[in-house]
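Take a look at the structure below.
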Amino acid sequence: MLFRHGLVASTYAPTRLDIRVQNESIVQIAPELTPEPGEDVIDAEGLLVLPGFIDTHVHFRDPGATHKEDFYTGTLAALAGGVTTILDMPNTQPPTDSLPHLTEKAAIAGTKAVVDYGFYLGATDTNIEEAATIAREVAAMKLYMGSSTGSLLVTEFSPIYRHFSTFPLEKPIVVHAEDEQSLKYFGALGLQDHNQARPPVSAQIALGRAIAIAEKTGRRLHVAHTTTQREMELIHEAKQKGVRVTCEVTPLHLFLNEEDQHRLGNFGKVNPPLRSKSDQAALWRYFDIIDTIGTDHAPHTREEKEQPYSKAPSGMTGVQTMLPLLLNAVSQGKVSLEAVIERCVVNPAEIFGLKTKGALQVGKDADIVLINPEEEYVISNEQILSRCGWTPFAGTRIKGKVQRVFVRGTLAYDQGRVLAQPGSGKPVAYQG
């Protein structure tokens, strides 16, 4: 297969290049390649050619809550959004906290997924030794320092420190950095505003603790869904000291703030919460400090979200809208396309050790997304392929539309039509 005459985008400015694909991989890239006899030719004239995005933070609810999402519907949404690789979080039912539970989840994904996938292992107070022995089977460990959806939670110093010391140092530990004691304190006040019920101070306390332990143990730490200016300052200071810390920001927190939560009601409820306008602006000011953009795709049904505030679950969809929203930001001059690709493709592959992902280059998987950079449309709930069928970004006008998506060289999505079959996705290969 030969992709011709497209503007290929990577960590450099879009350049007119041809790409040849054989046996699921990229085998040749050059300014002008001649089609071979019988070779399929994809005319990409006028289109942007992007590497498939990697969403390192999704909750596909499978097993245990498939009325909200499963590996088929979740990866359908990913595919429609130009995401060709996902890493699924462990707070399912049962949680992915042991080899049997990991094996069960992998078997489910193997029959349903239409994009490539990997998994996190959930930290508990008691799985310290087992976690270390099966680390090579997962992308990273996820450690919840504060309670959120699901039962996973580690709050005491001893198990946190032992996980940080025992889990292989070259594998990241990803933290949900909200301090449980402060969450309980503010939660008991009966506050109805989510940004006050789970205030920034809770995130700052937990993050400071995690950075200190990471510095002491010399391990790799990745901070999920960073939301505030103070967190960005702490991470920047830690990086300057040589602490092995990287961080993620979600599109939810880049493009929405607490005023949107008030407008959306429970449909804008997420952990950690949508923050103030000033904190939102700080994420853009500190964009150079951000290492990855992951969606924290966490679907819930409309019925669940329509319950009273205290009962409504936290979480929103995001895997289908990440690339469109970021293309919009590029068209508005808020960020460069190269910077987006670095945080959504290059850095995720490097941080999580995804062996065959991370670039449009010879030897890598032919995960390719064709974008019409001039086409405009409005996001609607009806477009969302997630089982929950809604998005907080309904009504947002987008410039730049996903036309075709190829997963390992196979056309999987074509202008609104999903062509991939359930189970066509494959588990990712890890470095080492």
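This is a predicted model, so every value here is computed, not measured.
- Looking at every heavy atom in both residues, G82 comes nearest to V405 through CA-CG2, 4.1 Å.
- A cation-pi contact, defined as under 6.0 Å to the ring centre and within 45° of the axis, is absent between K216 and Y161.
- Going from atom CG of L76 over to atom CD1 of I384 covers 12.0 Å, rounded to the nearest 0.5 Å.
- Here M322 contributes atom CE and H297 contributes atom NE2; the two are 11.5 Å apart, rounded to the nearest 0.5 Å.
- In this structure R209 satisfies the salt bridge (charged side-chain N to carboxylate O under 4.0 Å, His left out) test with no other residue, sequence neighbours excluded.
- Once rounded to the nearest 0.5 Å, the distance linking OG1 of T124 with CE of M141 reads 8.5 Å.
- For the residue pair R275 / T228, no side-chain donor-acceptor distance below 3.5 Å is found, with atom types taken as modelled.
- Between G315 and H300, the shortest heavy-atom distance links the atoms O-CD2, 3.7 Å.
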For residues 98-109, run the donor-acceptor check on the side chains, cut-off 3.5 Å, and write out each pair with its distance to 0.1 Å, sequence neighbours left out.
residue: S98; atom: OG; partner: H101; partner atom: N; Å: 3.3
residue: S98; atom: OG; partner: H101; partner atom: ND1; Å: 3.4
residue: H101; atom: ND1; partner: P95; partner atom: O; Å: 2.9
residue: H101; atom: ND1; partner: D97; partner atom: OD1; Å: 2.8
residue: T103; atom: OG1; partner: L99; partner atom: O; Å: 2.8
residue: K105; atom: NZ; partner: D88; partner atom: OD2; Å: 2.8
residue: K105; atom: NZ; partner: M89; partner atom: O; Å: 2.9
residue: K105; atom: NZ; partner: T96; partner atom: OG1; Å: 2.9

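- Between Y117 and F119, the angle of the ring planes lies from 30° to 60°, which puts this pair in the tilted group.
- Q403 and E375 share a side-chain donor-acceptor pair at under 3.5 Å.
- Listed by chain and residue number, nothing satisfies the salt bridge (charged side-chain N to carboxylate O under 4.0 Å, His left out) test with R136 (two or more places apart in sequence, or in another chain).
- Rounded to the nearest 0.5 Å, atoms CG (N328) and OG1 (T396) are 8.0 Å apart.
- Taking the side chain as every heavy atom from C-beta outward, V138 and Y120 never approach each other to under 4.5 Å.
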Test log, rule side chain to side chain donor-acceptor pair (under 3.5 Å), inputs T56 and H222: CA-CA 11 Å; T56 58; H222 188 68; 5.2 Å; no
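- Under the rule for a side chain to side chain donor-acceptor pair (under 3.5 Å), E130 has no partner lying at least two apart in sequence or in another chain.
- Within the structure, ring pair (Phe, Tyr, Trp, His ring centres under 6.0 Å) contacts touching residues 223-244 (residues at least two apart or in different chains) are H57-H225, H176-H225.
- Residue pairs that meet the ring pair (Phe, Tyr, Trp, His ring centres under 6.0 Å) test with at least one member in residues 392-432, sequence neighbours left out, are F3-F406.
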side-chain contact (heavy atoms from CB on, under 4.5 Å) between D279 and T227, worked out: CA-CA 7 Å; D279 276 325; T227 62; over 6 Å; no
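- Not counting sequence neighbours, K184 has no partner by the side chain to side chain donor-acceptor pair (under 3.5 Å) test.
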Evaluation steps, side-chain contact (heavy atoms from CB on, under 4.5 Å), between T391 and N381: CA-CA 6 Å; T391 169; N381 288 328; 3.6 Å; yes
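- For the pair T295/V83, no side-chain contact is recorded, criterion being any heavy-atom separation below 4.5 Å from C-beta on.
- The side-chain heavy atoms of P200 and N195, taken from C-beta on, include a pair separated by under 4.5 Å.
- For the pair P14/L337, a side-chain contact is recorded, criterion being any heavy-atom separation below 4.5 Å from C-beta on.
- Residues F60 and I86 have side chains in contact (heavy-atom distance under 4.5 Å, counting atoms from C-beta outward).
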Step-by-step side-chain contact (heavy atoms from CB on, under 4.5 Å) determination, N127 to H163: CA-CA 9 Å; N127 72 344; H163 273 303; 3.1 Å; yes
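- For F352 against A140, the heavy-atom pair with the smallest separation is CE2-CB, 3.8 Å.
- Side-chain contact between E248 and I351 is absent, with no heavy atoms from C-beta onward closer than 4.5 Å.
- Residues satisfying the salt bridge (charged side-chain N to carboxylate O under 4.0 Å, His left out) criterion with E24, sequence neighbours excluded, are R408, K426.
- Of the inter-residue distances, the one linking T321 atom OG1 with L252 atom CG reads 7.5 Å to the nearest 0.5 angstrom.
- Applying the side chain to side chain donor-acceptor pair (under 3.5 Å) rule to T317 yields no partners; only residues at least two apart in sequence or on another chain are considered.
- The environment of E156 atom CD is sparse: at most 12 non-hydrogen atoms of other residues, nucleotides or ligands sit within 6.0 angstrom.
- Proximity of F267 to R302: side-chain heavy atoms (C-beta onward) are separated by under 4.5 Å at one or more points.
- At a cut-off of 3.5 Å, with distance as the only test, no side-chain donor of R61 or H67 sits close to an acceptor on the other residue.
- For the pair V245 and K239, the minimum side-chain heavy-atom distance is below 4.5 Å.
- Identified under the ring pair (Phe, Tyr, Trp, His ring centres under 6.0 Å) test for residues 316-349, with sequence neighbours left out: none.
- In terms of heavy-atom proximity, L169 sits nearest to T217 at CD2-O, 4.0 Å.
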Step-by-step side-chain contact (heavy atoms from CB on, under 4.5 Å) determination, L7 to L47: CA-CA 6 Å; L7 285 172; L47 301 179; over 6 Å; no
Salt bridge (Lys or Arg N to Asp or Glu O under 4.0 Å) between E237 and R230, worked out: CA-CA 10 Å; E237 292 165 7; R230 185 57 187 143; 3.6 Å; yes
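- Taking N271 as the reference, S148, H194, R198, S314 meet the side chain to side chain donor-acceptor pair (under 3.5 Å) condition, with sequence neighbours excluded.
- Sorted by first then second residue, the side-chain hydrogen bond (donor to acceptor under 3.5 Å, both in side chains) pairs that include residues 360-373, not counting sequence neighbours, are T356-D365, K357-D365, K357-D367.
- If you check the side chains of E304 and T301, you find a donor sitting under 3.5 Å from an acceptor.
- Rounded to the nearest 0.5 Å, atoms OG1 (T155) and CG (L183) are 11.0 Å apart.
- The existence of a salt bridge linking E129 and R162 is confirmed by a sub-4.0 Å separation between a basic side-chain nitrogen and an acidic carboxylate oxygen.
- Nearest heavy atom pair, residue L79 against residue A412, reads CD2-O, 3.4 Å.
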